[in-house]
Every structure is written in C-alpha cells, then in structure tokens.
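Below: one structure, written as structure tokens.
Because the structure is predicted, anything quoted here is derived from the model rather than measured.
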Amino acid sequence: MRRRTLSALCALGAFGGVLAAPTAAQAADPHPSGPSVRTDETRIYVDFGTYTRPKDLKVLLRKPGTDTPVATIDEFEFLEDTDPCSPSCQDDPGETTVGTTPLRLADLGQYAVDVEYDGTEGETILHKDEAVFDYHLIPQVKTFEVSGKPDVEHRTVTVKADATLRDPRDGAETPMANGRLVLETTAAKTGLTTDAAGHVEGPFTFTGTEKHDLETYENDVKVVLRPAGADAAHGLTRQVEVGYTVTDITLDSSTVRGADGTDAPLTGRATYRDNDGVSKPVPVGTPMSVYNVRSFKTGEDGRFTTQVPVYGTRQQKIALHGTPWLSTRYVPVSPDPTTSAGFHRLPTVTVSRYKKVTVSSVFDRYDLPASTTLKVNLQFKAQGTTTWVTKKTIDSPAVAGDSSRTVKAADLPYQGVGVWRFQFPGTQQIPAGPAPESYIVSRRTTAFPEFNATPEPVKAGAPLTITGKLNTENEDNGQWSALAGARIDIYFRAKGTTTWRKVGAAATGDDGRFTKTFVAAKDGDWQAKYDGDDWSHFSGDSRLDFVDVQLAPRGSSGPLAGGDATWRGSHGAPTRRAVSRG
C-alpha cells in the first residue's frame, strides 16, 4: 500500500516529533523544491527544471477552500526548451516543460492547482496550491479596420472592429457586448467601448509623434486593438501608412554663453511646411535632442527649451528626430565660453617599467581679463574608490584672452591601478572647467620569490649554477602567478668592488623558473634582474647571493688564468666572458 506524503512534512515538528535523517532506503521527493507552474486561459504548464519527468505525474484542480479535486489531468505534451544554453551550453540541465491540452471543464471560475507524482519509493508526493487557474470567457478582437491615409496636417482616421467572447468549455463565441477595448500606438492609448453587438466604429486621432513600425520598410505606424486587460495576442494589429513632410528648426540665438564645463539655456521653435508651403508648429511632444547629449520634446506652438553643454568652443547640434510624420533636421549651435578654464582632452598617461608615471594634457583658458598664473592639481583616483587625491600642484602661466598650454608632470611614483586627471579648481574670478579622467592605468609588479647560486662555497674552476623563479602579481585580486617567457639578466659583482657586470642571460619557463651555469672564478655577489617589458610588467631584482670561491693551489694552470671565467648555458655550449676584476 502506497504511503501519502505531503510537501509540508516539516509541520510534524509542531507536535514535538523528531524526524530522523533520511537514508538511502527511506522515501524521498525526487523534486524537493517542487515544480514551477504557470497557466493561460485553457492550459496548465509544469516545469521541474530538468529533462526527466517524474513518474505518474498528475495535475489536480479543485475549488478554493475545498480538498476534493474536481478534475485530474494525467496526459501532457512536451514543450521544447526555449533557452537551450541556460545557464550555459555546457551546463544546461535540459529543462523541458510539459503542458496540458486545452481543458474543457464543467464550470467557469477559479481553481487551485495541485501537482502529484511518485516519490523514490513509489509513495505519492503532493505539492498543493502551486498556481491558480482562472477559467473564464476569453475576449478576442475578431475584425479590425483603419480607414484613411493620415499626415501631420490631417491625423484623424476611422476605426471599425468587432469583438467576441469565446467559451472555453465548448468553443462557442458570442458578441462582447459593452466590452472595453484599448487602441494602442507607440505614443498613446485610447479606450473604446463596444455596442450590444460587440461592434465599435468611430474616429481616432493620432498624436503625430508615433514612431515608425520597424517591422516593415514602409513609412507607417503600428496600431494595436486588444481587449482591456489582455495582451496583444488577443487583439489585432494594423499598419497605417502615414504622409511625410519637411521640418525646420529656428533658434532664438545660434550662440550660447556660459562658463566652460557648464550648461547654457537654449530656446527655439520647430515647424513643418504644409502642402501650401506655410510653416506650422510640429505636434506637442515631438522628440528632439542636443545631439548625443540629452533628449527633450517640443511644447505648445512647437516651442522648446533645453540646456546645451559648453565644452570649450566645440560646436553642438540640435536635432529633430525623424518620425513617419516629420523629416529629420539638424541645426548647429556655437558655445561661447565666458571667463573660465579647464581641460577637454583625455590626459595622456605613461607608466615606465621602473614605476615612474608621466601625465600630460592641454589646459584651455577663455576670456581671461589679464595675464596670470593658474594653479593646476594633478589628481589620482584608485580603482574601486570615488575619492580624488591631489599628488602635485603645478603653476601654469596664462595670457589674457584665450589660450592653450600643455601641462606635464613626470617621474611620479606609481600609485597602483587607477585613473589620473588634471583639475583646475577655479578662483573667485575664473570658474573651474572640465577635468576628464584618463583611461585606467596599470602595470603588474614582478618579484623573485626564489634565487640561489650553488654550491656554496665552490672551488675555483668548478660549475656554479644560478637558479630562480619570477612571479607576477594580478593587481585586481592580489594573486601571484609564474611569468613565463621573460628574459632574465644575470649580474656579478666581485668582492671588494662596486661595479656590476652582466655575465649572462636566461629565459623563464612555463613555471617561471630559470637556470644558468657558470665556471666559478672569484668571490662575489650574484643577482638576477628582470627589465620589465614595454607596457605590462614592472622590472624586478632578486636578492643578492654571495658565493665564496676557493682558489686552486699556486702554480696550477687552466681556464682561470688571467681572471677570466667560462660560463655554460643550459644547453652546454661554452662561451668566454670577462668577469669584473677586484
């Protein structure tokens, strides 16, 4: 006999009972998180988030507040996975939704939806109240006509439509008497009411600001008629061809004045030409913009007010964006900076392999009343912060009137990953202007976690092996990793001297390790150096390793005569190199 297990077993704890941890032999819900259930007017869809459907799956319908099902559905159709690469093409669990066929129930109304299936031991698993199924008469727009060819001068058309109510119990349709419909465009929504026969007919006036229907290649707009409270699938869509006319923009002034880096007001009027060539105001709400900066719309009589950025003397454009009704139009506006100063170009920043930063940019000054010296701050903002920190203040001479000058700071210490900018803070007489920030600046630190010269001590004329490892740091997460393919220069400083000489080179392998073999000649310090690269890594030095070389007995002869050392690379080819002499 099958056991019946509710999804709310945990409620047993309220009676003081203790539930033992389940074992392999105990019953279990194969889908403990339950299904995902959704409905439409006639069908119920069940998704367990996996391709495997549980055994003996059923959907039970019951009236809310009762426990007895009025319908049991055990036949389903598979629905194709609509997103076969979620969360990824490799990890997709193969989600498959199953759905009922269109349901024919005895009564209209709302039903609670329960889902039942077999557990791992054949017991019945029941998930209650997974959804509410609203079984009702289905409104539908059956016919829809739009008569007329409107233009911006004549925007009224005639609409005619019929709507019905379909009974899902038997498929019968009846007129949707006194029903509410919504006529919708990209600019507005209008409510309509059907008569006793489900019919509606009357005028409709476009705003003249509707957008193009991008689904066609014609100069038309989309009009959707649907039942109120229903989506477009229950309605009908029509494309209405629209007449097109030429536009003009008249500015009250083609110049705006304001301090550099501020916004200045601009006013004007947008018009179109009718069939007789007469200028008339464009419709209220016609879309316009300060091109690529900000958008705005026209008001009454085609008038508009907007703000134009003053960014030096860079010319701006005022645009009327084309619609099915109106042509596109651009007019220029010329900013005129008042007394002010600032930067308009992105700073140029370089970071050398030796952790030195150079920053330069052009400092623009406008309408200065007299020659003066302006103080400019060089500032840095670390990645992940919002605070600018001044690293240096620079004096920049400025002549009267308008002028430009390059400001530069060199040999600054590297501050880590972040951005730089020059900023003129302004004075009482000269307002501050723009201060754009640079692109993100970064280089990776390198280090030698291992370096060794062996053996120590070593007999003169015997092999001396230099080994080490080079790592690089990821400044985003602070993790270190091997740096492969880097050239490592080996240096030697004889005991009692101050001069370092490069005596060989090696390259790091995939693990960041390198090796080089020499013939020992004199006491002294050994060191490895990495000189960095052109753009991504800083240079780095290893620690010093002193090697005591024990000289051969007096009178012996060999490769050490004259103080020369023979070094041998990793492939064994001998080469003569001079060693610094003490």
Side-chain angles (χ1 to χ4, degrees), residues 351-356 414 416 442-551 559-560 563-582:
V351 184
S352 78
R353 64 189 69 190
Y354 308 114
K355 294 192 174 183
K356 294 298 182 182
Y414 179 64
S442 69
R443 265 185 185 260
R444 290 192 172 191
T445 300
T446 58
F448 290 84
E450 301 174 18
F451 180 72
N452 198 20
T454 58
E456 302 177 51
V458 63
K459 291 185 180 297
L464 179 68
T465 302
I466 305 296
T467 60
K469 182 181 181 183
L470 180 65
N471 280 354
T472 181
E473 182 185 21
N474 185 333
E475 292 193 275
D476 290 333
N477 56 26
Q479 298 296 312
W480 288 84
S481 59
L483 180 56
R487 176 190 169 93
I488 305 297
D489 294 318
I490 310 297
Y491 286 82
F492 175 75
R493 180 179 64 185
K495 180 180 179 181
T497 71
T498 59
T499 303
W500 286 95
R501 293 188 182 275
K502 185 166 71 173
V503 294
T508 59
D510 291 341
D511 59 358
R513 298 183 182 280
F514 61 92
T515 182
K516 182 66 71 173
T517 301
F518 299 88
V519 174
K522 287 187 176 184
D523 296 346
D525 293 310
W526 294 83
Q527 188 176 34
K529 292 179 178 289
Y530 170 60
D531 202 35
D533 54 29
D534 289 338
W535 61 276
S536 59
H537 291 94
F538 288 119
S539 62
D541 299 339
S542 76
R543 69 179 183 88
L544 305 185
D545 194 1
F546 180 82
V547 176
D548 177 17
V549 178
Q550 298 177 346
L551 296 178
L560 302 179
D564 289 346
T566 300
W567 61 271
R568 189 176 299 274
S570 57
H571 297 288
T575 307
R576 304 289 292 180
R577 286 290 179 92
V579 177
S580 60
R581 305 181 186 278

For Y354, check side-chain contact (heavy atoms from CB on, under 4.5 Å) against everything at least two apart and list the hits.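 Y354 satisfies side-chain contact (heavy atoms from CB on, under 4.5 Å) with S352, D531, S539 only.
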Residues two or more places apart in sequence or in another chain: which of them pass side-chain contact (heavy atoms from CB on, under 4.5 Å) with N452?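 T454, E456, T467, R543, D545.
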Can you list the residues that meet the salt bridge (Lys or Arg N to Asp or Glu O under 4.0 Å) rule with D510, with sequence neighbours excluded?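 D510 satisfies salt bridge (Lys or Arg N to Asp or Glu O under 4.0 Å) with no residue once adjacent residues are dropped.
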Test salt bridge (Lys or Arg N to Asp or Glu O under 4.0 Å) applied to K529 - qualifying residues, sequence neighbours left out: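 So K529 forms a salt bridge (Lys or Arg N to Asp or Glu O under 4.0 Å) with D541.
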Within this structure, what is the [atom1]-[atom2] distance for the pair [X] and [Y], rounded to the nearest 0.5 Å?
| X | Y | atom1 | atom2 | result |
| --- | --- | --- | --- | --- |
| I466 | F451 | CD1 | CZ | 5.0 Å |
| F492 | T499 | CZ | OG1 | 11.5 Å |
| K495 | D525 | NZ | CG | 10.5 Å |
| L470 | R513 | CG | CZ | 11.5 Å |
| R444 | E473 | CZ | CD | 9.0 Å |

Shortest non-hydrogen contact between [X] and [Y], atoms and distance:
| X | Y | answer |
| --- | --- | --- |
| V458 | A520 | CG1-CB, 3.6 Å |
| P455 | P463 | CD-O, 3.6 Å |
| D534 | R443 | O-NH2, 2.7 Å |
| T508 | G512 | CG2-O, 3.5 Å |
| E475 | S442 | OE1-CB, 4.4 Å |
| V547 | A453 | CG2-CB, 3.6 Å |

Residues, nucleotides or ligands: over 12 heavy atoms within 6.0 Å of K459 NZ: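 Result for NZ/K459: open.
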Are the aromatic ring centres of F538 and Y414 under 6.0 angstrom apart?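 Under 6.0 Å, so yes.
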Can a donor-acceptor pair be found, under 3.5 Å and without considering hydrogens, that links the side chain of [X] to the backbone of [Y]?
| X | Y | result |
| --- | --- | --- |
| Q527 | S542 | yes |
| K516 | A505 | yes |
| T472 | T446 | no |

Once the angle between the rings of W500 and Y491 is folded into 0 to 90°, is it parallel (under 30°), tilted (30 to 60°) or perpendicular (over 60°)?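 W500 vs Y491 ring planes: perpendicular.
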Side chain to side chain donor-acceptor pair (under 3.5 Å) with S536: which residues, sequence neighbours excluded?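 S536: side chain to side chain donor-acceptor pair (under 3.5 Å) contacts with D533.
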Solution key, residues 480-490 side-chain donor-acceptor pairs under 3.5 Å, sequence neighbours excluded:
| unit_1 | atom_1 | unit_2 | atom_2 | d |
| --- | --- | --- | --- | --- |
| R487 | NE | D489 | OD1 | 3.0 |
| R487 | NH2 | D489 | OD1 | 3.2 |

